[in-house]
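Here is how names work: the chains are called A, B, and so on, in the same order as the sequence lines, proteins then strands, and each is numbered from 1.
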Number of protein chains: 2
Amino acid sequence: MAPGRPERRATLAVVAHEAGVSMATVSKVVNGRADVAPATRARIERLLVQHRYVPVGARRTTTSALVDVVFNALDSPWAIEILRGVTAALGEASTQAVVSSMPDPADIGWPRRLLLAGRNGLIVVTSDLTERHRTELATAGLPLVVIDPVDLPGADVASVGTTNWAGGLAATEHLISLGHRRIAAISGPPQLLCSRARLDGYRAAIDQHGIRVDQGLIRHGDFHHEGGFVQALSLLDCEEPPTAVFAGSDQQAFGVIEAARVRGLRVPQDLSVVGFDDLPVARWASPPLTTVRQPLADMGRMAARMVLRIAAGSRLDSNRVELATGLVVRESTAPPPRRSSPRRSPAGGQQPARGPQPSADTPKTPEQQAAAPGGPSSDAAGTTTPPMRGSA
Amino acid sequence: MAPGRPERRATLAVVAHEAGVSMATVSKVVNGRADVAPATRARIERLLVQHRYVPVGARRTTTSALVDVVFNALDSPWAIEILRGVTAALGEASTQAVVSSMPDPADIGWPRRLLLAGRNGLIVVTSDLTERHRTELATAGLPLVVIDPVDLPGADVASVGTTNWAGGLAATEHLISLGHRRIAAISGPPQLLCSRARLDGYRAAIDQHGIRVDQGLIRHGDFHHEGGFVQALSLLDCEEPPTAVFAGSDQQAFGVIEAARVRGLRVPQDLSVVGFDDLPVARWASPPLTTVRQPLADMGRMAARMVLRIAAGSRLDSNRVELATGLVVRESTAPPPRRSSPRRSPAGGQQPARGPQPSADTPKTPEQQAAAPGGPSSDAAGTTTPPMRGSA
DNA sequence: CAAGAGGTCGAAATGTTTTCGACACTCTCG
DNA sequence: CGAGAGTGTCGAAAACATTTCGACCTCTTG
């Protein structure tokens with residue numbers, strides 16, 4: 001773009017001449033026809049790439065460019081936030097998003113189809129390509145960006161994440177600073193990079209304050225409601241239950257809150273809960289959820305920009321970008337109850353009516369006042385970490 | 001497909017001949033070039049459609065067919081539910097979804113671009129096309145299905161909706177049967193078809209039980225949290241506040257619950273709340289939300305199937321399909337408080353600790369037992385209305 | 001009314017795809 | 001072994017599509 005004269009676009013004829021075949025044969029390679037010998041095909045393909053050949057059909061300006069967006073599962077509000085960012089950023093480049101779920105790893109034809117369909121790029125969200133798929137796409141030069149990679153991606157794969165570790169740290173430190181000492185963690189699936197990072201942040205905070213890390217307080221679920229609910233029930237039922245729970249996602253946090261309710265505990269008076277994500281609903285939970293904000297839409301936006309940049313041929317500043325998380329303090333966290341365990345009214349029992357205690361209505365956190373009338377706009381305040389970009 | 005010989009695909013030349021212009025001119029129309037007089041362009045376009053002309057460039061893509069899915073806004077969990085159904089159904093026909101937001105009504109070129117991009121269909125969600133866009137797409141024969149149309153669509157537009165009226169009725173009757181008499185409604189924007197239908201269902205129920213419809217208890221917001229929150233605050237602050245609120249969406253219902261909390265009222269003891277949608281989070285709210293279930297994913301699935309059916313050339317059984325809503329009773333509804341108004345602790349005050357009262361833990365609704373361990377799978381029980389299909 | 005500007009269109013040049021037949025090779029089967 | 005059928009690979013030419021550029025027209029403006 002920047003350098004080099006336009007220099008007469010590559011044409012089938014010159015490629016054919018250099019390859020020592022007819023135009024017809026080159027055309028067949030371009031269009032993926034069968035009747036070309038593998039060796040011939042390979043030779044021609046190399047030349048096509050060298051010459052940056054683009055078929056006229058693909059050159060039509062009228063055909064909108066498309067980027068595939070592949071989700072692991074289309075089953076949480078999480079996905080729509082990402083998608084919003086992606087479509088917004090793509091839209092600025094008159095490109096659109098093709099949404100799909102992760103294909104079966106056994107589906108050998110997928111990369112081929114993707115390429116033949118002439119997609120301009122691929123964004124993969126919280127899931128991983130098989131090695132085979134990845135290399136096939138890479139050799140074909142399809143721009144690829146991974147959001148929240150399952151595992152630490154190779155240095156050659158562009159990816160966008162957030163500072164999960166810092167988020168876990170901030171959340172846990174917040175709980176510690178409120179006076180909590182028995183803090184449980186309900187994390188996501190242990191094989192996910194982000195789960196591990198968040199959990200390590202938790203461990204780091206616990207450790208740093210000289211609290212013993214109790215393995216019994218560390219649980220794993222999927223990132224969904226159910227996992228939080230089930231694990232929380234089990235935690236609350238144990239000998240010496242935690243006074244606070246750091247959940248690996250907002251959805252899990254809701255499950256935890258529900259579990260507390262089922263057990264007759266009040267949040268935050270009897271149990272503090274911190275989530276992770278800051279989905280729009282977090283502000284509207286009862287009580288409004290203290291959580292670690294992930295700029296989901298921004299992640300989508302960033303990923304889309306990166307794909308477009310790669311597609312345009314320019315190099316990325318960094319192959320790995322991490323956006324800042326930030327703690328958003330709302331009302332699901334409070335100091336732990338005074339007496340070591342005034343809890344568990346005889347199963348199914350009523351809430352013990354104790355004397356005057358800070359009602360949920362009392363302004364306590366800095367965020368609360370803003371939250372009541374103003375709402376979400378002021379939510380992002382209180383970030384603990386500055387934006388940071390690291391190189392892989 | 002079924003009938004007719006392949007009959008020599010349409011070519012630029014024949015269209016040019018019939019239109020009485022040169023191939024060059026037709027090519028320009030196909031590619032959206034500027035230098036074609038409007039009259040000429042229109043004439044040629046009509047012929048192109050008649051001949052089902054597809055440019056070779058577009059023909060090359062033997063791979064994935066695409067359907068555009070246009071959302072009014074990509075900002076609620078609502079959207080992802082719909083999208084999930086759409087992608088699932090499209091996937092079965094190896095078709096993919098291109099997601100975008102509603103284009104600017106002033107964007108004259110949009111239908112053109114859509115057609116030139118060779119899309120196989122269009123699904124529009126909760127929004128309306130301008131008349132101009134619609135007719136342009138219709139004359140080009142692009143398969144179109146509208147989900148939850150803003151207004152009653154013409155008989156020639158296929159659409160998918162739910163039995164909003166029945167849902168509003170069921171929700172309100174549930175509240176009435178619990179003993180409520182002052183029941184407020186916070187509906188969506190009055191210009192939306194679904195808002196009006198839900199509200200009319202509410203009115204019908206109120207009316208049928210000989211209760212006076214109090215206009216002061218009927219409010220409108222957008223379908224989001226904020227609207228529910230603001231309207232609920234205002235309702236709770238009025239002279240004779242309602243004992244129950246029927247919200248036009250789950251998100252609004254969350255806003256209502258939050259408003260109750262801010263005012264020191266308990267749900268459901270002091271205020272019953274019914275939502276609409278049954279988003280996955282509804283089951284995980286505190287308390288779990290009684291709501292009217294809309295089969296969002298099914299709506300998406302149905303719309304996708306209809307688009308594919310139209311694209312395949314077969315006629316639809318009916319141009320208008322309404323899927324059944326069903327009341328899901330959880331724990332945000334209960335009989336109204338005994339004494340006419342034991343409410344409002346002096347602003348900002350603490351919750352009055354009254355004597356033994358049914359704790360949230362006491363099994364009360366049939367759904368609760370199922371909900372605790374089993375969760376969402378059993379949620380759909382209790383539908384009030386059978387599936388129904390009506391013709392426009 | 002002349003000069004200029006700008007819109008509309010097609011001839012021809014240019015580029016791409018498809019069809020179809022040539023050729024070479026392999027694999028039967030007699 | 002050798003004829004014939006089958007198959008894979010490729011190119012010549014035909015068919016198809018797009019772009020360039022100039023002709024022609026109309027409308028404005030001085």
(message) If you compare every side-chain N and O of B:Thr40 against the phosphate oxygens of C:dT8 (OP1, OP2), does one of them come in below 4.0 Å?
(response) no
(message) With a 4.0 Å limit, can you tell me whether B:Ser27 has a side-chain N or O closer than that to the phosphate oxygens OP1/OP2 of D:dT19?
(response)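 B:Ser27 to D:dT19 OP1/OP2: no side-chain N or O under 4.0 Å.
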(request) Carefully, step by step, assess B:Val157 and B:Leu144 under the rule side chain to side chain contact (heavy atoms under 4.5 Å, CB included). (result) CA-CA 7 Å; B:Val157 180; B:Leu144 168 68; 4.3 Å; yes
Got a sec, which residues hit side chain to side chain donor-acceptor pair (under 3.5 Å) with [X], two or more places apart in sequence or on another chain?
X	answer
B:Ser76	none
B:Arg309	none
B:Ser159	B:Arg320

Would you confirm whether [X], through its side chain, and [Y], through its main-chain N or O, come within 3.5 Å as a donor-acceptor pair?
X	Y	answer
A:Asn120	A:Val67	no
B:Ser127	B:Val125	yes
B:Asp148	B:Gly161	no

Can you measure [X] atom [atom1] to [N] atom [atom2] for me and round it to whole angstrom units?
X	N	atom1	atom2	value
A:Ile44	D:dT9	CD1	P	12 Å
B:Leu48	D:dT18	CG	P	11 Å
A:Lys28	C:dC20	NZ	C1'	10 Å
B:Arg33	D:dT20	CZ	C1'	11 Å
A:Arg41	D:dG11	CZ	P	14 Å

(message) With the threshold set at under 4.0 Å for non-hydrogen atoms, list the residues of residues 14-25 of chain B touching DNA chain D in residue-number order.
(response) B:Met23, B:Ala24
(request) Locate the shortest heavy-atom distance separating B:Thr162 from B:Met299; write the atom from each residue and the value. (result)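 So the two residues come closest at CG2-SD, 3.4 Å.
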Acceptor/donor pairs from residues 68-75 of chain B side chains to any protein atom, 3.5 angstrom cut, sequence neighbours excluded:
residue: B:Asp68; atom: OD1; partner: B:Arg119; partner atom: NH1; Å: 2.2
residue: B:Asn72; atom: ND2; partner: B:Thr126; partner atom: O; Å: 3.3
residue: B:Asp75; atom: OD2; partner: B:His224; partner atom: NE2; Å: 3.4

(message) Need to verify one output field. Residue with the more 5' nearest nucleotide on DNA chain C, A:Asp35 or A:Ala13?
(response)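 Checking each residue's closest nucleotide, the 5'-ward one belongs to A:Ala13.
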(message) Quick check on the helix from C:dC1-D:dG30 to C:dG30-D:dC1: what's the angle between its two end axes, five base pairs per end, to the nearest 10°?
(response) 10°
